[in-house]
Amino acid sequence: MASPRLETYCCPNRDAATQLVMNFQPEVFCGVCIGSASISLLLTILQLLPKKGQSPRKMPKASSSSTILLLISICDILGGLGMIFRSSVWLGFPDFIANISVVNRTNVWPSAFCVGSAMWIQLLCSAGFWWLFCYAVDSYLVVRRSAGLSTIVLYHMMAWGLAVMLCVEGIALLYYPSLSSCENGLEHAVPHYITTYAPLLLVLVVNPILFRRTVSAVASLLKGRQGIYTEHERRLGTEIQIRFFKIMLVFIICWSSNIINESLLFYLEMQPDINETLLKNIRSAALITWIIMGVLNPMQGFLFTLAFYGWTGWRVDLKWRKRETPWESMSSSTVGENAYPSPVNYQSNIHDSKKVSTADSQQTDEAISMLSEGNTSGDDRLTRSSPIYQGW
């Protein structure tokens, strides 16, 4: 699971609310995290592997949206591995973990493990949030025809750069002046919690707005094709809308418990004594949501692949398939263009004019195919008669 409480626990003078959740049935909690992360990890990899009987997807050009979706899954896989490793050490080496609470100048490995594993999980989860935000931005720009292949470089700089910057800044402020003597009080931990939850809240608030604008732009784009809005175009717009809805639904399911849990723990921290009888229900709710976080946070990777691609099946195809190399493609296209030269110049001019007249149509097809990729079956794609699917 991912929570700023993992980093706060590394401080010997941690607050009482963090102590409450981290010491609540640690064996059960770590076992839940290992089980959930392992299942999600295996199913996510299964979803991404090529399957038998499925032809490779052919896109008109390299899609930055497809790359972003793959990077989101990679962040989830690496984050899940970090959760499994941290929980396994927590279960397998209790004496090693017990030294985290001891200010020991000679043995720094327990504290280094605590900080390093927590930072790994937070960094990858934060990067996944930023990539999800980039996906919403890219989807809108693609429909608006403002995105190009070069924007993926900008997305890399923004996602990884902001994730690293916020993670390092939050950790530095949390462990000031040093790990063995973190500042007391809630104020020193607030910047760390803000840097942790800022990308999460950004996706939760901004992505639905961008997705809604993208769906509206898709509808306008489809109507502008031939001046009509047929049943096929309406169905395609609905599919894109459902895809965005699934993405946000998975995100809300997996991370809403974190927001609720953190709100409850902050409320407990502001109380003079969190063990008061009147706060029993608050403590119980915080512990329940803590366990729920251990189940839902690691499952995000698999659930996202279902939202992105649907269920891809069990029949994995690991056979090597030879792909056409770029120079083969160039040579074949060159032969095709030079084998039958045009006898007169006006024929080439006519051919160029046809290219110009269909350029906008092809660009629309590319934009729509990037957004709807993975949401329809192959047979359904073949039987559609809409101009969007015919490619003209």
Side-chain angles (χ1 to χ4, degrees), residues 1-15 17-19 21-22 68 71-72 74-76 78-83 85-86 100 103 108-137 153-207 251 254-263 265-267 269-270 293 297 300:
M1 55 157 292
S3 171
R5 300 290 168 173
L6 299 181
E7 291 92 346
T8 308
Y9 184 79
C10 303
C11 291
N13 54 345
R14 66 186 70 93
D15 58 90
T18 300
Q19 190 78 20
V21 292
M22 294 296 295
I68 292 174
L71 288 170
I72 293 174
I74 291 175
C75 289
D76 291 330
L78 295 178
L81 289 174
M83 296 178 194
F85 175 71
R86 180 184 174 91
I100 296 176
V103 180
V108 298
W109 289 112
S111 298
F113 162 77
C114 182
V115 176
S117 59
M119 284 186 64
W120 176 265
I121 296 172
Q122 179 192 340
L123 175 64
L124 289 166
C125 289
S126 179
F129 296 155
W130 285 113
W131 277 118
L132 195 59
F133 172 72
C134 291
Y135 174 73
V137 173
V153 179
L154 179 61
Y155 295 150
H156 274 287
M157 296 172 60
M158 182 173 70
W160 298 114
L162 290 175
V164 171
M165 183 186 69
L166 292 177
C167 182
V168 172
E169 181 182 1
I171 292 296
L173 294 175
L174 177 65
Y175 296 141
Y176 177 82
S178 67
L179 180 60
S180 60
S181 58
C182 303
E183 286 188 359
N184 289 319
L186 183 63
E187 294 79 9
H188 86 284
V190 170
H192 171 58
Y193 296 149
I194 292 177
T195 57
T196 301
Y197 284 106
L200 187 152
L201 295 176
L202 178 70
V203 173
L204 198 61
V205 174
V206 179
N207 274 37
F251 187 81
C254 292
W255 296 103
S256 58
S257 57
N258 293 60
I259 299 176
I260 297 174
N261 178 264
E262 199 60 52
S263 301
L265 293 179
F266 259 95
Y267 178 78
E269 285 186 47
M270 292 185 294
M293 288 163 58
N297 288 179
Q300 176 188 253

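Bear in mind that the values here come from a model prediction, so they are computed numbers and not experimental data.
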For the Cys pair C75 and C125, is the SG-SG distance shorter than 2.5 Å?
no
So, using disulfide (SG to SG under 2.5 Å) as the criterion, who are the partners of C11 when residues are at least two apart?
C182
The criterion is disulfide (SG to SG under 2.5 Å); which residues satisfy it with C167, sequence neighbours excluded?
none
Donor-acceptor contact below 3.5 Å, side chain N297 vs main chain C254:
yes
d(M22 CE, L6 CG) to nearest 0.5 Å is 5.5 Å
Within 45° cone and under 6.0 Å: R14 NZ/CZ vs Y175 ring
no
By side-chain contact (heavy atoms from CB on, under 4.5 Å) - contacts of V203 (at least two apart):
F129, L132, F133, N207, F251
Any residue meeting ring pair (Phe, Tyr, Trp, His ring centres under 6.0 Å) with F113, in chain and number order, not counting sequence neighbours
F85, F96
To the nearest 0.5 angstrom, please state how far the CE atom of M165 sits from the CH2 atom of W160.
15.5 Å
How long is the straight-line distance from CE of M293 back to CG of N258, given to the nearest 0.5 Å?
4.0 Å
Nearest heavy-atom contact between Y9 and I100 is O-CG2, 4.2 Å
Could you list the residues that satisfy ring pair (Phe, Tyr, Trp, His ring centres under 6.0 Å) with Y267, not counting sequence neighbours?
none
In chain order, what residues pass the disulfide (SG to SG under 2.5 Å) check against C134, with sequence neighbours excluded?
none
Rounded to the nearest 0.5 Å, how far does CG of L124 lie from CH2 of W131?
13.0 Å
Set of side-chain contact (heavy atoms from CB on, under 4.5 Å) partners for D76, sequence neighbours left out:
I72, Q300, F304
Separation of T8 OG1 from L174 CG (nearest 0.5 Å):
5.0 Å
Taking all heavy atoms of R5 and all of A17, pick out the closest pair and write down the distance.
NH1-CB, 4.2 Å
Using the side-chain contact (heavy atoms from CB on, under 4.5 Å) criterion, which residues pair with I74? Sequence neighbours excluded.
L70, L71, L78
Got a sec, which residues hit side-chain contact (heavy atoms from CB on, under 4.5 Å) with L166, two or more places apart in sequence or on another chain?
W130, E169, T195, P199
Side chains of E262 and Y197: donor-acceptor distance under 3.5 Å anywhere?
yes
Taking all non-hydrogen atoms of both residues, which atom of I259 and which atom of S263 are closest, and how far apart?
O-OG, 2.8 Å
Restricting to pairs with a member in residues 113-127, which pass side chain to side chain donor-acceptor pair (under 3.5 Å), not counting sequence neighbours?
R86-S117, Q122-T196
